[in-house]
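Structure record follows, encoded as structure tokens.
All values derive from a computational prediction rather than experimental measurement.
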Amino acid sequence: MKNIYDIIRRPVITEQSMEAVADKKYVFMVDVDANKTEIKAAVEQIFGVKVAKVNTVRMQGKAKRTGAYPVGKRPEYKKAIVTLTADSKTIEFFEGMV
């Protein structure tokens, strides 16, 4: 069984994701093999909130120029957009950033 801290890798801090915090939507980078139920359980355990919905997006790795012959590649990753219930508290980690 996976550890909950292996499922949730890190939060995604961008302008678009910070605007969604007002709607109680939070974006995290997650393990590529994690499914929606594992992500929901991990967020509920780590932050002590109630999750209403989880959307996932698999992002393809982009080609990266290295300046010479061997073209590099950025890694593929998976994002999860977690929507909290209306009666749930907010995630305190994101409060100072908005």
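Linking Ile, Leu, Val, Met, Phe, Trp and Tyr residues whenever their side-chain heavy atoms come within less than 4.5 Å leaves Val57 and Ile7 in two separate clusters. Note: the hydrophobic cluster containing Val43 also contains Met18 (ILVMFWY, side chain heavy atoms under 4.5 Å, direct or indirect links). Taking hydrophobic clusters as Ile, Leu, Val, Met, Phe, Trp and Tyr residues chained together by side-chain heavy-atom distances below 4.5 Å, Tyr5 does not share a cluster with Met29. Both Val82 and Val21 are members of a single hydrophobic cluster when ILVMFWY side chains are connected at heavy-atom separations under 4.5 Å. In this structure, Val54 is a member of the same hydrophobic cluster as Ile46, with clusters built from ILVMFWY side-chain heavy atoms closer than 4.5 Å.
Heavy-atom contacts from other residues, nucleotides or ligands closer than 6.0 Å to NZ of Lys78 number more than 12.
The main-chain N or O of Ala42 is never found under 3.5 Å from a side-chain atom of Gln45 such that the two would form a donor-acceptor pair. Of the possible donor and acceptor atoms, none in the side chain of Ser17 sits under 3.5 Å from a partner among the backbone N and O of Val27.
By the 4.0 Å N-to-carboxylate-O rule, Arg9 lies close enough to Asp31 to be salt-bridged with it.
Note that the OG1 atom of Thr56 and the NZ atom of Lys36 stand 4.5 Å from one another [nearest 0.5 Å]. To the nearest 0.5 Å, the span separating CD1 on Ile91 from OH on Tyr26 amounts to 5.5 Å. Taking NZ from Lys2 and CD1 from Ile8, the interatomic distance works out to 10.5 Å, rounded to the nearest 0.5 Å. Considering OG1 of Thr83 and CG of Asp23, their distance stands at 8.5 Å, rounded to 0.5 Å. Taken to the nearest 0.5 Å, the NZ atom of Lys53 stands 10.0 Å off from the CD1 atom of Ile81.
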Check the pair Met59, Lys62 against side chain to side chain contact (heavy atoms under 4.5 Å, CB included), reporting the backbone distance first and the verdict last.
CA-CA 9 Å; Met59 305 298 288; Lys62 296 180 182 179; over 6 Å; no
Run the ring pair (Phe, Tyr, Trp, His ring centres under 6.0 Å) check on Phe28 and Phe93 step by step: do they pass?
CA-CA 12 Å; Phe28 297 97; Phe93 177 79; 8.3 Å; no
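Residues Leu84 and Thr90 fail the side-chain proximity criterion, which asks for heavy atoms closer than 4.5 Å.
Applying salt bridge (Lys or Arg N to Asp or Glu O under 4.0 Å) to Glu76 and the options Lys79, Lys73, Arg74 leaves one that passes, Lys73.
Heavy atoms only, all atoms of each residue included: Lys50 and Ser88 are closest at N-OG, 3.1 Å. Nearest heavy-atom pair across Glu44 and Val49 is CG-O, 3.1 Å.
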